[in-house]
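Ligands are counted one by one from 1 in listed order, and the atoms in each one are counted from 1 as well.
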Amino acid sequence: MPIPQSVQVASGELRISAAVVERPAAAANAGRSLEELLTKLNIGSKGAAAVPIRLQLVDDPALGEEGYRLVVDDAIHLSARTDTGLLHAVQSLRQLLPARAQTQPEYRLPRIAIDDVPAYRWRGSSVDVARSFLSIEYLKQHIDRMALFKLNRLHLHLTDDQGWRIEIKRYPKLVEIGGASAVKDGRAGYYTQAQLKDLVAYAQARGVTIVPEIDMPGHVQAALASYNELACDDTKNLRPYSGVEVGFSVFCLEKPEVVYPFVRNVLEEVVAIFPSAQIHIGGDEIKHPLYADFVARTAAMVDAMGRTAILWEEGSVADIKPNVLLQLWNDGYAIEAAVAKGHPLILSPCSYLYIDHGNYKGQPGADWCRAEGLPLKRVYGFDPAPFKSAVGIEAALWTEFVHSDAATDDHLWPRLAAVAELAWSPAGQRSYAGFVQRMRALRPQLDALGVRYHPEPDLGWADTKGAH
Ligand code: TNX
């Protein structure tokens with residue numbers, strides 16, 4: 001899970017109770033991940049019957065940056081061009097083994113040959129930590145869970161009207177004031193730069209890139225409440241905001257001498273924390289005569305810092321370089337002209353991938369995009385094929401109405417598994433029936449990770465046999 005490009009099963013099985021790992025120095029992350037797996041399953045290295053597990057870096061262009069090959073015969077062979085590819089191979093091996101250790105380990109593996117490459121290079125989960133905060137511990141857990149499904153982009157929506165969550169050393173009030181608010185009944189808080197750097201390293205070691213978003217020039221009430229000079233002089237309300245309305249706050253674009261130095265200074269600190277080649281600068285839900293000008297200038301700033309900007313779809317009206325990525329979120333948005341200009345797309349159409357919406361019709365929370373909610377089958381049914389310039393897909397969890405770790409789990413899982421399969425697996429291999437069958441088998445893995453997933457009836461999870 002997600003289903004590989006090709007799987008061949010031979011007859012017979014390999015029994016494994018002890019293993020000896022051979023790996024090149026350059027496969028450090030995959031090596032560590034494998035050692036953790038073996039330790040967790042109580043598989044030591046002692047004994048004459050120790051099975052060789054060979055990690056190998058091979059120069060096979062067909063494997064791309066993230067593809068891998070996993071063969072189980074009398075030994076276990078993992079090969080890829082990169083450490084990241086090998087990390088994915090370890091995850092596939094993990095899924096072939098039980099989720100929990102036996103006291104006297106003797107596990108059986110099918111003799112199998114898997115050849116696998118992702119359909120898309122961008123397989124994302126976006127979480128809104130601005131409306132309601134998530135702890136670093138939760139985000140680390142989330143990265144582990146993403147990695148199990150070969151998801152590779154964690155997009156953090158770090159700023160919005162209700163909160164500013166990233167420490168910016170030049171502007172300490174952003175977190176002192178902006179970090180202290182949240183949406184009604186949500187959680188406040190912020191991340192220090194040291195915490196974020198540690199999180200980036202944690203994610204990198206697991207094949208996940210963290211993509212930061214500083215949402216501008218709208219969705220900035222927390223910034224305005226922290227530094228009033230960023231607002232126009234006639235702005236009436238500069239207090240922290242805890243409502244759920246959107247589209248009311250904006251930087252004072254008529255004061256470029258105030259706004260652009262601020263934007264530049266913030267972005268400089270952001271790029272120093274996050275090595276991601278792409279930096280999200282928002283650009284959603286704001287109408288302003290100087291909007292397009294702001295977007296063009298800010299995207300150019302990111303470019304001059306050696307990174308590529310990502311903008312929500314509305315940014316397509318600005319005069320921006322064709323390499324700027326656009327994130328599509330309204331299903332029917334007229335994106336064709338931008339595609340014709342060459343912009344790559346990240347696909348997040350709300351009626352399939354806005355998983356702040358319910359797992360079922362009537363689940364309390366967001367329903368503005370699709371009143372029926374987004375059941376698992378609906379998410380799985382998204383077809384990215386018509387979007388020829390898509391680099392990948394990303395599910396968005398907004399948190400106006402999702403305020404606890406349990407509620408976050410419930411919205412993310414199992415739907416993110418469907419997203420992972422859409423993003424990784426070739427269309428010809430996908431079927432909802434097969435997905436359902438494989439997810440059922442994977443339930444113990446989610447239980448072992450402590451995931452408080454939605455008890456999805458399609459998966460037979462509406463019983464109480466899981467861990468929660
Ligand atoms: C739209 S998506 C928004 C968010 C909200 C979300 C709620 C986007 C670019 N803007 O600000 O949180 O809907 O579903």
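- The structure places CH2 of Trp312 at 6.5 Å from CG of Asp284, a figure rounded to the nearest 0.5 Å.
- A side-chain contact (heavy atoms from CB on, under 4.5 Å) with Phe274 is found for one member of Thr209, Val211, Ile166 and no other, namely Ile166.
- Under a 3.5 Å cut-off, the side chain of Glu456 and the backbone N or O of Pro414 do not form any donor-acceptor pair.
- From the protein, the heavy atom lying nearest to atom 13 (O) of ligand 1 is Trp368 CZ2, 3.4 Å.
- By the 4.0 Å heavy-atom criterion, Arg131 is counted among the residues contacting ligand 1.
- Residue His219 places a heavy atom under 4.0 Å from ligand 1.
- Considering only non-hydrogen protein atoms, atom 2 (S) of ligand 1 sits nearest to Tyr354 OH, 2.3 Å.
- Nearest to atom 5 (C) of ligand 1 among the protein's heavy atoms is Glu400 OE2, 3.3 Å.
- Considering backbone and side-chain N/O atoms, Asp356 comes within less than 3.5 Å of an N/O atom of ligand 1.
- What sits closest to atom 3 (C) of ligand 1 on the protein, heavy atoms only, is Glu285 OE1, 3.4 Å.
- Between the side chains of Arg415 and Asn359, at least one donor N or O sits under 3.5 Å from an acceptor N or O.
- Between the side chains of Glu394 and Gln327, at least one donor N or O sits under 3.5 Å from an acceptor N or O.
- What sits closest to atom 8 (C) of ligand 1 on the protein, heavy atoms only, is Asp284 OD2, 3.4 Å.
- A cation-pi contact, defined as under 6.0 Å to the ring centre and within 45° of the axis, is absent between Arg145 and Phe149.
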